[in-house]
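In each ligand, atom 1 is the first atom listed, and ligand 1 is the first ligand listed. Side chains are part of it too, since the values below use all heavy atoms of this structure and drop only hydrogens, waters and symmetry mates.
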Amino acid sequence: MFVDRIKIFAQAGSGGRGCVSFRREKFVPKGGPDGGDGGRGGDVILRADQHTDNLTGLFYEPIIKAKNGVHGQGKKMHGRSAPAKLVKVPIGTLVYPAAAPPQRDENGDVAEMSVPDLPSEPIADLTVDGDEFVLCRGGAGGKGNVHFKSSRNRAPTQYTDGEEGEQGHFLLELRTMADAGLVGYPNAGKSTLLGKISAAHPKVASYPFTTLHPVIGIVEFGDYRRASIADIPGLIEGAHRNVGLGHDFLRHITRCRLLLFVVDAAGTEGRHPVEDIQSLRREVDLYDRRLSERPWLIIANKMDVPGAEENLREIRRRFAGVEVVAVAAASRQGIDELKARLEDWLFKIDKSLPAASKASTQSAEIASTD
Ligand SMILES: Nc1nc2c(ncn2[C@@H]2O[C@H](COP(=O)(O)OP(=O)(O)OP(=O)(O)O)[C@@H](O)[C@H]2O)c(=O)[nH]1
Ligand SMILES: [Mg+2]
């Protein structure tokens, strides 16, 4: 199972209560107040972890509670503070405040509607391994009666309760962190390609929607340089209206610096690759304008199939100004050339070029081909 969006409820621990106690010892009459303080409640902390790749853990445990602090005790003993509850989340997790789910009565009917979630700004974005965010802060411990002693009240019975821990509903959303993302129709050969340029082994098959969730592959270049590439499920026209697997997965390429549009250059499924590219660009644009302004290039795949050469010429003509790399992923043809071009884009050209200006000239060209 792959979970990349989930609502959770988190509750930090409350502080322990302060203690009321008096020192009672042989030969020490009127020993005075000696009630200790309560311990702090535990925080609920999210930590970005490179070994966690999705939010499935939270699907099974959507209610996260940290322990309460221990109450204070006599002899000025402080209660123990509760440890923080650490929750590992994948790198790239965004945290949003969320509304409480609707309240249901005993028949399961909605008794009280919740306020719908308003689109809100994330309160945290955990993008680096080890990043931590305190989701709910534990309550401070209460004070024992030892604090209330004064010249007029030598036997105080006052104490304070511990503070309540913070609690709340949150929406966690994963936006995979990768350098480049593969976008294409189902069966274009994205997973085949990822398998050839990286050590990843995504499932490859001749039916559409083989890939059901994002897969990240690491491409190794020379000099210990590496880049991560995200393979996402195939997109089809109308994805923005939730046709096919919908465009929800495009979220996983929103952080990529470079978008790789993979097309079946031979048009083996009866569609023309030029139209494929146009409709993919349109879907990306409908999803998020800023995403369609990212630097992009075209990977013309299945060059081993007759008819691909002719289509490739047309792709080059219609998308003049956009780099087109021709490959036959299944037989590894053109893969080394593709890796060299990716290295250029990701390590040389990309850093020296202002990404936005490069991209905007390219989108203008697309607009004219529509
Ligand atoms: N002839 C030929 N077939 C290829 C090539 N690359 C991939 N294929 C075939 O195309 C089919 C689909 O490949 P996948 O890699 O699963 O395609 P995908 O784009 O990941 O598809 P989804 O995951 O469904 O979106 C498989 O049967 C592959 O063997 C190629 O270069 N030439
Ligand atoms: Mg695939």
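When only non-hydrogen protein atoms are considered, atom 7 (C) of ligand 1 lies nearest to Thr192 OG1, 3.3 Å. When hydrogens are left out, the protein atom nearest atom 1 (N) of ligand 1 is Asp304 OD2, 3.1 Å; that is the closest non-hydrogen contact. Among protein heavy atoms, atom 25 (O) of ligand 1 sits closest to Lys190 NZ, 2.9 Å. Scanning the protein for heavy atoms near atom 21 (O) of ligand 1, the closest one is Asn187 N, 2.9 Å. Summary of contacts: the protein heavy atom closest to atom 26 (C) of ligand 1 is Ala205 O, 3.6 Å. Here the heavy atom of the protein found nearest to atom 10 (O) of ligand 1 is Lys302 NZ, 3.2 Å.
Checked by atom type and distance alone, the side chain of Arg47 never pairs as donor or acceptor with a backbone atom of Leu86 at under 3.5 Å. Not a single donor-acceptor pair under 3.5 Å links the side chain of Lys203 to the backbone N or O of Ser191. Checking side-chain atoms of Asp131 against main-chain N and O of Val128 turns up a donor-acceptor pair under 3.5 Å.
Near Ala328, meaning under 4.0 Å from one of its heavy atoms, ligand 1 places the atoms 31 (O). Against a heavy-atom cut-off of under 4.0 Å, Tyr207 is close to the following atoms of ligand 1: 24 (O). Interface atoms of ligand 1 facing Phe209, defined by a heavy-atom separation under 4.0 Å, are 24 (O). Residue-ligand proximity, Val305 to ligand 1, at heavy-atom distances under 4.0 Å covers atoms 1 (N). Listed by number with element, the atoms of ligand 1 under 4.0 angstrom from any heavy atom of Gly189 are 7 (C), 13 (O), 14 (P), 15 (O), 17 (O), 18 (P), 19 (O).
Side-chain contact, Asp304 with Gln333: no donor N or O sits under 3.5 Å from an acceptor N or O. Counting only N and O atoms by type, the side chains of Tyr287 and Thr254 include no donor and acceptor under 3.5 Å apart.
Taking a cutoff of 4.0 Å between a charged side-chain nitrogen and a carboxylate oxygen, Arg282 and Asp285 do not qualify as a salt bridge. For the pair Asp34 and Lys75, the salt-bridge criterion is not met [side-chain N within less than 4.0 Å of a carboxylate O]. At a threshold of 4.0 Å, the pair Asp231-Lys190 does not count as salt-bridged, since none of the basic side-chain nitrogens sits closer than that to a carboxylate oxygen. Look at Asp288 and Arg290 and you find a salt bridge, because one of the NZ, NE, NH1 or NH2 atoms lies within 4.0 Å of a carboxylate O, short of that distance.
Among the backbone and side-chain atoms of Thr211, an N/O/S atom is found under 2.8 Å from the Mg ion (ligand 2). Under 2.8 Å from the Mg ion (ligand 2) lies no N/O/S atom of Thr192, from backbone or side chain alike.
In this structure, of Ala329, Gly195, Ala300, Gly234, the residue bringing a heavy atom nearest to atom 31 (O) of ligand 1 is Ala329. The closest non-hydrogen atom to atom 29 (O) of ligand 1, taken over Leu235, Val183, Val204, comes from Val204.
Glu283 pairs in a side chain to side chain contact (heavy atoms under 4.5 Å, CB included) with only one of the listed residues (Ile236, Val183, Leu235), which is Leu235.
With rounding to the nearest 0.5 angstrom, the CD atom of Glu121 is 8.0 Å from the OH atom of Tyr96.
Between Ala188 and ligand 1, a contact under 3.5 Å exists for at least one N or O pair. The shortest N/O to N/O separation between Pro186 and ligand 1 does not fall below 3.5 Å. Between Ser331 and ligand 1, a contact under 3.5 Å exists for no N or O pair. Close N/O approach between Ile232 and ligand 1 is not found [any backbone or side-chain N/O within under 3.5 Å]. Note: no N/O pair closer than 3.5 Å links Asp231 and ligand 1 by distance alone.
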